[in-house]
Amino acid sequence: MGKLVVMDHPLIQHKISLIRDKSTGTKDFRELVEEIAMLMAYEVTRDLPLKEVEIETPIAKAKTRVISGKTIGIVPILRAGLGMVNGILSLVPAAKVGHIGLYRDPETLQPVEYYCKLPADAAERDLIILDPMLATGGSACDAITLLKKHGVTSIKLVCLIAAPEGISAVQNTHPDVDIYVAAVDECLNDHGYIVPGLGDAGDRLFGTK
Ligand code: PRP
Ligand code: URA
């Protein structure tokens, strides 16, 4: 079973409270989502492999460590995952960015794929899927399946708010994938929205409602 990491750092919890608040407008919502993603990136990248190198400081030669091995790719699920991209890139500026377009059919709640463009070397990279909301888990499970079909073997899922149902769905369907979230909420409502959640992440991010 992949690990479930709930990131309870005070700065993250504070900012999650702000994005939950329905009076938080689009500009602040967008900035906060980016900031939370940046704070989460610190933990998500904790196990990156290092290698020793020798450099020269102005004073002396030094044996020191840099990141080695496979490099990172980030894959936002459109639309709402886009809001997390710059936060991760601010810590991992060399990451390549793929995109997966999925929307949830409002009747069936099933994800419908409409776009997929990945880095050419995606299969050699550690890929991090970004989506603020893990509700039924359908979108995340389909995105992971799609990456696996492209030969990707190292996948992490990073979400801001998750429902227990979504976490179970990913753990059952893709037990090899580690999940990082900032909050685990109570449940889903009849429309598949997370309770208490934050509403529709895409609409709040892009001001479409
Ligand atoms: C939202 C969210 C996730 C999905 C989560 O996207 O950003 O992708 O729903 O729900 P699930 O876990 O039940 O699949 P939505 O389909 O609303 O598309 P949007 O980002 O374009 O608004
Ligand atoms: N998608 C959202 O944007 N919000 C939810 O609560 C569930 C799915």
Can you run down the salt bridge (charged side-chain N to carboxylate O under 4.0 Å, His left out) pairs that involve residues 94-119, sequence neighbours left out, and say none if there aren't any?
none

Could you please spell out the steps behind the side chain to side chain contact (heavy atoms under 4.5 Å, CB included) verdict for L50 and V66?
CA-CA 5 Å; L50 293 168; V66 295; 5.8 Å; no

Side chains of Q171 and M1: closer than 4.5 Å at any heavy-atom pair?
yes

Output yes when K63 and E52 qualify as a salt bridge under the 4.0 Å nitrogen-oxygen rule, no when they do not.
no

Give a yes or no on whether the backbone of T24 and the side-chain of D28 come within a donor-acceptor separation of less than 3.5 Å.
no

Roughly how far, to the nearest 0.5 Å, is the CZ atom of R46 from the OH atom of Y180?
9.5 Å

Are M133 and L157 co-members of a hydrophobic cluster defined by side-chain heavy atoms under 4.5 Å apart?
no

Straight-line distance of E31 CD to I36 CD1, nearest 0.5 Å:
12.0 Å

Separation between OG1 of T45 and CG of L91, rounded to the nearest 0.5 Å
6.5 Å

Qualifying residue for side chain to side chain contact (heavy atoms under 4.5 Å, CB included) with S139, from I129, I100, L102, V112
L102

Evaluate the side-chain proximity of T136 to E165: yes if any heavy-atom separation is below 4.5 Å, no if none is.
no

Decide yes or no for L78 and Y114: does some side-chain heavy atom of the first lie under 4.5 Å from some side-chain heavy atom of the second?
yes

Are any non-hydrogen side-chain atoms of F206 and L82 less than 4.5 angstrom apart?
yes

Considering all heavy atoms, the nearest M40-A182 contact
CE-N, 3.7 Å

Identify whether L4 and Y42 are in the same connected component of the hydrophobic contact network (ILVMFWY, side-chain heavy atoms under 4.5 Å).
no

Should R125 and D121 count as an ion pair when the cut-off is N to O under 4.0 Å?
yes

What distance separates I144 CD1 from I77 CD1, expressed to the nearest 0.5 Å?
8.0 Å

Got a donor-acceptor contact below 3.5 angstrom from the T57 side chain to the A60 backbone?
yes

Shortest non-hydrogen contact from G202 toward T208:
O-OG1, 4.0 Å

Is any side-chain heavy atom of P76 less than 4.5 Å from a side-chain heavy atom of V97?
yes

I need the I155 CD1 to D176 CG distance, nearest 0.5 Å.
6.5 Å

Can you name the nearest heavy-atom pair linking P111 to D142, along with the distance?
CG-OD2, 3.3 Å

Going only through I, L, V, M, F, W and Y residues with side-chain contacts under 4.5 Å, is there a path from V5 to I16?
yes

Salt bridge between E34 and R30, side-chain N to carboxylate O under 4.0 Å?
no

Over all heavy atoms of both residues, which pair between G192 and L109 is shortest? Give the atoms and the distance, please.
CA-CD1, 3.8 Å

Does G87 offer a backbone N or O that forms a donor-acceptor pair with the side chain of S90 under 3.5 Å?
yes

Ignoring hydrogens and geometry, is there a side-chain-to-backbone donor-acceptor pair from R20 to G197 under 3.5 Å?
yes

Under 3.5 Å donor-acceptor, H174 side chain and C141 backbone
yes

Are V184 and V177 connected, step by step, through hydrophobic side chains (Ile, Leu, Val, Met, Phe, Trp, Tyr) whose heavy atoms are closer than 4.5 Å?
yes

Verify, without hydrogens or angle tests, whether D185 (side chain) and A163 (backbone) share a donor-acceptor contact under 3.5 angstrom.
no

Using every non-hydrogen atom in the two residues, find where V170 and A140 come nearest and quote the distance to one decimal.
CG2-CB, 4.0 Å

Is the backbone of L11 close enough, under 3.5 Å, to the side chain of H9 for a donor and an acceptor to pair up by distance?
yes

Side chain T26, main chain L205, donor-acceptor under 3.5 Å:
no

Stepwise side chain to side chain contact (heavy atoms under 4.5 Å, CB included) check, L18 with F29:
CA-CA 8 Å; L18 295 176; F29 189 90; over 6 Å; no

Test item: L160 and V33 side chains (from C-beta on) under 4.5 Å apart, heavy atoms
yes

Residue from I88, V44, V158 passing side chain to side chain contact (heavy atoms under 4.5 Å, CB included) with I74
I88

Salt bridge (Lys or Arg N to Asp or Glu O under 4.0 Å) with D203: which residues, sequence neighbours excluded?
R79, K209

I67 reachable from M38 in the ILVMFWY side-chain graph, under 4.5 Å edges
yes

Quick check for you: to the nearest 0.5 Å, what is the distance between S17 atom OG and I12 atom CD1?
12.0 Å

With heavy-atom distances below 4.5 Å as the criterion, would you say the side chains of T71 and D126 are in contact?
no

Tell me, do C116 and H99 make a side-chain contact under 4.5 Å, heavy atoms counted?
no

Which pair of non-hydrogen atoms, one from D8 and one from Q13, has the smallest distance, and what is that distance?
CA-NE2, 3.6 Å

